[in-house]
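Values below: all heavy atoms of this structure, side chains included; hydrogens, waters and symmetry mates excluded. Given the structure is predicted, the values throughout are model-derived calculations rather than measurements.
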Amino acid sequence: MLFKRSPKAISYWPLAIGLSLLCLSFISGQLSVVSSQSPPATHYNLLCKIPFAGGAFTTDNLQNIYLYRGSSLKKYTSTGTLLYSYSDESFGKITSVDANDPMKMLVFYKDFPEIVLLDNTLSLNGNPFSPADAGYPLSTLACLSHDNGAWLYDAQNLQLIRLDVNLNVTQKTGNLAQAIGIELNPDYMFEYDNYLYLSDSAQGILVFDSYGTYYKTIPITGLRTFQVRGNDLFYVSKNRIHTFHLKTIMEDETQAPDTLASEVRIEKNLLYERYNDTLRVYDISRSPTGK
């Protein structure tokens with residue numbers, strides 16, 4: 001069995017970083033946004049620094065950290081303790097790691113392409129799988145899906161493909177460029193809470209439901225990575241941490257702890273920040289009075 005059943009997602013405490021408490025009122029027949037009090041101050045307490053030159057990182061909802069560069073993948077605790085390592089040079093460089101399920105991670109190698117599944121100790125969880133074996137040799141993105149499945153982005157036909165646990169195709173979108181009417185060159189993809197997020201830095205973030213049906217486009221462009229937790233989408237731009245609220249379609253921002261932050265992730269009360277050649281982990285607290 002290639003894909004095992006994911007455990008039910010743990011509850012997530014929605015994090016509002018340095019945001020004003022907002023109330024909505026109608027004035028002269030128009031909807032306006034009013035701040036009910038001064039915005040709380042955000043405080044960052046540095047927990048650890050992990051040397052990190054090049055490569056990429058991700059996190060899981062248990063607050064673990066995954067650093068990968070070349071063919072090497074390492075798992076750390078949120079306090080910087082190295083737990084496990086994985087490396088396989090036979091597939092080339094690791095393109096992406098999907099750790100949304102901390103008990104089952106998907107490692108994708110774009111050059112071949114190849115998919116490897118790992119357990120929570122970074123040990124192999126089933127046999128590696130090539131999308132070419134399912135008829136999609138030009139798959140450029142891959143991520144885990146609900147009910148033990150996986151999503152592929154087929155760059156040859158500009159379509160999304162979903163495979164079930166037995167590698168059978170359960171959903172196929174057809175040519176997205178024709179269906180949606182835009183040119184696509186996506187570079188990031190993941191599923192969260194039964195929605196698939198497909199990011200194109202020029203077009204924005206395309207959202208699909210669990211059946212691959214196009215839902216909407218979030219008009220945030222120029223992103224290399226972003227994260228969704230609860231009802232919030234997080235990303236960093238110009239040293240500011242942005243929180244886009246998926247339900248209200250409002251966006252707030254606050255200063256990152258370091259002025260040269262290039263990437264952030266948030267897991268509960270922790271902020272993970274890529275800063276120059278280190279990964280920094282901060283505990284977040286807020287002062288309700290702004291003091």
- Task: Verify the cluster assignment for Leu124 and Met105: are they in a single hydrophobic cluster under the rule of side-chain heavy atoms below 4.5 Å apart?
- Result: yes

- Tyr153 and Tyr136: same hydrophobic cluster, using ILVMFWY side-chain contacts below 4.5 Å? no

- Task: Answer with yes or no whether the side chains of Asn269 and Gln63 bring together a donor and an acceptor at under 3.5 Å.
- Result: yes

- Query: Should the ring pair Tyr215 and Tyr195 be called parallel, tilted or perpendicular, given that the plane angle runs from 0 to 90° and is split at 30 and 60?
  - Reply: tilted

- Which is it for Ser285 and Asn45 under the side-chain contact (heavy atoms from CB on, under 4.5 Å) test, yes or no, and what are the steps along the way? CA-CA 8 Å; Ser285 62; Asn45 177 37; over 6 Å; no

- Item | side-chain contact (heavy atoms from CB on, under 4.5 Å) between Asp187 and Arg224, intermediate numbers included | CA-CA 8 Å; Asp187 49 19; Arg224 186 168 61 90; over 6 Å; no

- Side-chain heavy atoms under 4.5 angstrom apart, residues restricted to Ile, Leu, Val, Met, Phe, Trp, Tyr: same cluster for Leu83 and Leu118? yes

- Rounded to the nearest 0.5 Å, how far does OG1 of Thr254 lie from NE2 of His242? 10.0 Å

- Message: Any non-hydrogen side-chain atom of Cys143 less than 4.5 Å from a side-chain atom of Leu196?
- Response: yes

- Any donor and acceptor pair, going by atom type alone, linking the side chain of Lys93 with main-chain N or O of Asp111 inside 3.5 Å? no

- Query: Is any side-chain heavy atom of Tyr214 less than 4.5 Å from a side-chain heavy atom of Val207?
  - Reply: no

- Under 3.5 Å, is there a donor-acceptor pair between the side chain of Thr173 and the main chain of Leu160? yes

- Message: How close do Tyr109 and Val107 get, counting heavy atoms only, and between which atoms?
- Response: CE1-CG1, 3.8 Å

- Message: Could you check whether atom OH of Tyr275 has more than 12 heavy atoms from other residues, nucleotides or ligands sitting under 6.0 Å from it?
- Response: yes

- Heavy atoms of Ser78 and Ile65 approach each other most closely as CA-CD1, 4.1 Å

- Task: Give the cluster check for Tyr76 versus Leu122: same hydrophobic cluster or not, with ILVMFWY residues linked at side-chain heavy-atom distances below 4.5 Å.
- Result: no

- Would Glu267 and Arg229 satisfy side-chain contact (heavy atoms from CB on, under 4.5 Å), going step by step from the backbone distance to the final call? CA-CA 8 Å; Glu267 300 291 354; Arg229 285 291 182 266; 2.9 Å; yes

- Side-chain donor-acceptor pair present, Tyr66, Asp60, cut-off under 3.5 Å: yes

- Side-chain contact test, heavy atoms from C-beta onward, threshold under 4.5 Å: evaluate it for Leu167 versus Asp133 and give yes or no. no

- Do Phe91 and Ser71 have side chains that get closer than 4.5 Å, going by heavy atoms? no

- Under the side-chain contact (heavy atoms from CB on, under 4.5 Å) criterion, do Asn148 and Lys104 qualify, and how do the steps go? CA-CA 10 Å; Asn148 314 314; Lys104 176 188 60 183; 4.1 Å; yes

- Task: Might you point out which heavy atoms bring Ala142 and Ser96 nearest each other, and give the distance in Å?
- Result: O-OG, 4.2 Å

- Task: State, yes or no, whether a side-chain contact exists between Leu233 and Thr243 at a heavy-atom distance under 4.5 Å.
- Result: no

- Message: Could you check whether atom NZ of Lys216 has more than 12 heavy atoms from other residues, nucleotides or ligands sitting under 6.0 Å from it?
- Response: yes

- Lys172 side, atom NZ; Arg162 side, atom CZ - distance, nearest 0.5 Å: 14.5 Å

- Task: Supply the atom-to-atom distance Glu263 CD to Thr58 OG1, rounded to the nearest 0.5 angstrom.
- Result: 8.0 Å

- Task: Indicate yes or no for a side-chain donor-acceptor contact from Gln227 to the backbone of Ile266 under 3.5 Å, with no hydrogens or angles considered.
- Result: yes

- Please confirm whether the backbone N or O of Ala132 pairs with a side-chain atom of Ser130, one donor and one acceptor, at under 3.5 Å? yes

- State whether a side-chain donor-acceptor pair under 3.5 Å links Tyr282 with Asp258. yes

- Could you tell me whether Phe57 and Tyr272 have their ring centroids closer than 6.0 angstrom? no

- At what distance, to the nearest 0.5 angstrom, does OH of Tyr84 lie from CG of Asn120? 6.5 Å

- Note on the structure: Here the pair of heavy atoms bringing Leu184 nearest to Ala177 is CD1-N, 4.4 Å

- What distance do Leu163 atom CG and Asn168 atom CG have between them, rounded to the nearest 0.5 Å? 8.5 Å

- is_close_aromatic(Phe226, Tyr188), centroid dist under 6.0 Å: yes

- Item | Leu141-Leu158 co-clustered via ILVMFWY side chain contacts under 4.5 Å | yes

- Query: Is there a side-chain contact between Leu270 and Asp283, using heavy atoms and a 4.5 Å cut-off?
  - Reply: yes

- Could you grab the distance from atom CD of Gln156 to atom OG of Ser139, nearest 0.5 Å is fine? 9.5 Å

- Taking the side chain as every heavy atom from C-beta outward, state whether Phe52 and Arg69 have any atom pair closer than 4.5 Å. no

- Message: Are the side chains of Leu144 and Leu117 in contact, using a 4.5 Å heavy-atom criterion?
- Response: yes

- Closest heavy-atom contact between Lys247 and Asn231? CE-OD1, 3.4 Å

- For Leu198 and Pro186, work out which heavy atoms get closest and say how close. CD1-CB, 3.6 Å

- Query: Are more than 12 heavy atoms from other residues, nucleotides or ligands located less than 6.0 Å from atom CD of Glu183?
  - Reply: no

- Ignoring hydrogens and angles, tell me if any N or O in the side chain of Asp98 forms a donor-acceptor pair with the backbone of Leu106 under 3.5 Å. no

